[in-house]
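Notes follow the structure.
We count ligands from 1, going down the list as the structure has it; atoms in each ligand are counted the same way. Numbers here simply count residues along the sequence, with the first being 1. When reading the values below, keep in mind they use all heavy atoms of this one structure, side chains included, and skip hydrogens, waters and symmetry mates.
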Amino acid sequence: MSGIDNLPSLASVIATHGLSARKSLGQNFLLDLNLTAKIARQAGDLTGCDVLEIGPGPGGLTRGLLASGARRVLAIEKDARCLPALAEIADAYPGQLQVIEGDALAIDPLAHLTPPIRVAANLPYNVGTELLVRWLTPKEWPPFWQSLTLMFQREVAQRIVAEPGSKAYGRLALLAQWRADARIVINLPPEAFTPPPKVSSAVVHLTALPEPRFPADAATLSRIVAAGFNQRRKMLRSSLKGIAPDIEDRLIASGIKPTERAEQVSLEQFCALARAVLQP
Ligand code: SAM
């Protein structure tokens, strides 16, 4: 039995169900239920919320989310071997856990969720970044989620919360910070996982803002930021040449020196430039 519920320890769940970790699925499991409960608490008040969990694996975080009072958890897992272990959790929390077997990148979970919705996941890093970008770029804002609590490689987490002038500052920071509050809430060493990955990890908590921090057209902002950071060592008057023929004037009108580089420009300035570029 574990400290947070009456279910067996995760080590025994893994042994019983033969869940040897597969590298191809990015399986680095968290076996400490006190830690998964701590991550679940960072997701905010889950009472009265549906929680979307991607990649529950043997169910450590799932159990943390349910023990923290989530109204319902919808978990999407690609590895069918995990389903019997997850079924045992569903039995212990009747009507509160639904598991869908499949690839989170190919499944639209919205039909199965009722607002308010929070998202929590410890995912393989490549899938995590792709899902984060999708969750931050829906057609309409505010998005379906109130918050995202996601485990990343520490280096990726630092790119999400980075400030102008730092090496980590770039497209991911601007995308995340334009429409959300983002902060690192837990740092984890490789040994927190079984098997341990090569690098350290961090949990990032993002809260959706009701509207973007500064007004801008999403597609224009994205085009400018992509052009600026694709050639991040170049001055903006040169890297943004393709955005508008009179880009120098528009940079100046936005309060940006044409000789600056993208990494020195704040989110507010990028948004001002996105507006200036659309001026006739
Ligand atoms: N949440 C568990 C934990 O914290 O111990 C497992 C984390 S493990 C890093 C990642 C999990 O995501 C694995 O269970 C893996 O099978 C699953 N997974 C990998 N790719 C996936 C995908 N595309 N869609 C859904 N689940 C996926």
Side-chain angles (χ1 to χ4, degrees), residues 2 4-5 7-43 51-68 70 73-90 97-109 112-113 118-135 148-154 156-157 185-205:
S2 71
I4 63 165
D5 54 33
L7 289 158
S9 71
L10 285 161
S12 108
V13 169
I14 285 174
T16 308
H17 296 283
L19 301 179
S20 51
R22 291 201 176 142
K23 222 176 169 174
S24 60
L25 285 166
Q27 291 181 336
N28 303 99
F29 299 130
L30 291 169
L31 301 194
D32 178 352
L33 285 158
N34 292 316
L35 178 57
T36 61
K38 182 175 166 188
I39 296 170
R41 283 196 298 275
Q42 297 300 328
V51 181
L52 171 62
E53 186 192 359
I54 311 291
L61 181 56
T62 319
R63 287 164 62 175
L65 294 165
L66 288 162
S68 302
V73 174
L74 173 69
I76 302 179
E77 173 56 60
K78 198 170 174 181
D79 185 354
R81 294 180 309 155
C82 299
L83 301 189
L86 296 167
E88 288 176 5
I89 305 173
L97 172 61
Q98 181 185 356
V99 180
I100 300 180
E101 181 195 343
D103 181 349
L105 294 170
I107 290 172
D108 179 2
H112 306 276
L113 291 164
R118 294 184 186 267
V119 178
N122 171 21
L123 262 177
Y125 300 119
N126 54 341
V127 183
T129 311
E130 178 157 355
L131 284 171
L132 172 65
V133 170
R134 284 191 199 181
W135 288 327
L148 309 172
T149 307
L150 307 172
M151 182 85 71
F152 288 101
Q153 238 168 302
R154 188 171 297 170
V156 176
V185 289
I186 302 179
N187 284 301
L188 290 168
E191 310 80 64
F193 301 84
T194 306
K198 287 204 176 69
V199 294
S200 296
S201 302
V203 177
V204 181
H205 182 72

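Assignment of G60 to the shell around ligand 1 is not supported, since no heavy atom sits closer than 4.0 Å.
Taking CD from Q27 and CZ from R81, the interatomic distance works out to 5.5 Å, rounded to the nearest 0.5 Å. Put simply, CD1 on I76 and CG on L123 are 10.0 Å apart, with the number rounded to the nearest 0.5 Å. Between atom CG of residue L66 and atom OG1 of residue T62 there is a gap of 7.0 Å, rounded to the nearest 0.5 Å.
Within the listing of ligand 1, atoms 14 (O) sit less than 4.0 angstrom from a heavy atom of G57. Each of the following atoms of ligand 1 lies closer than 4.0 Å to a heavy atom of A104: 22 (C), 23 (N), 24 (N), 25 (C). If you number the atoms of ligand 1 from 1 as listed, the ones under 4.0 Å from a heavy atom of N28 come out as 7 (C), 8 (S), 9 (C).
Partners of E88 according to the side chain to side chain contact (heavy atoms under 4.5 Å, CB included) rule, which considers only residues two or more places apart in sequence or in another chain, are H17.
Nearest heavy-atom pair across F193 and N122 is CE2-ND2, 3.9 Å.
Remark: minimum distance from atom 3 (C) of ligand 1 to any protein heavy atom is reached at N122 ND2, 3.4 Å.
Residue nearest to atom 16 (O) of ligand 1, selected from R81, E130, E77, E101: E77 (by heavy-atom distance).
For a threshold of 3.5 Å applied to N or O pairs, the pair formed by G55 and ligand 1 contains at least one separation below that value.
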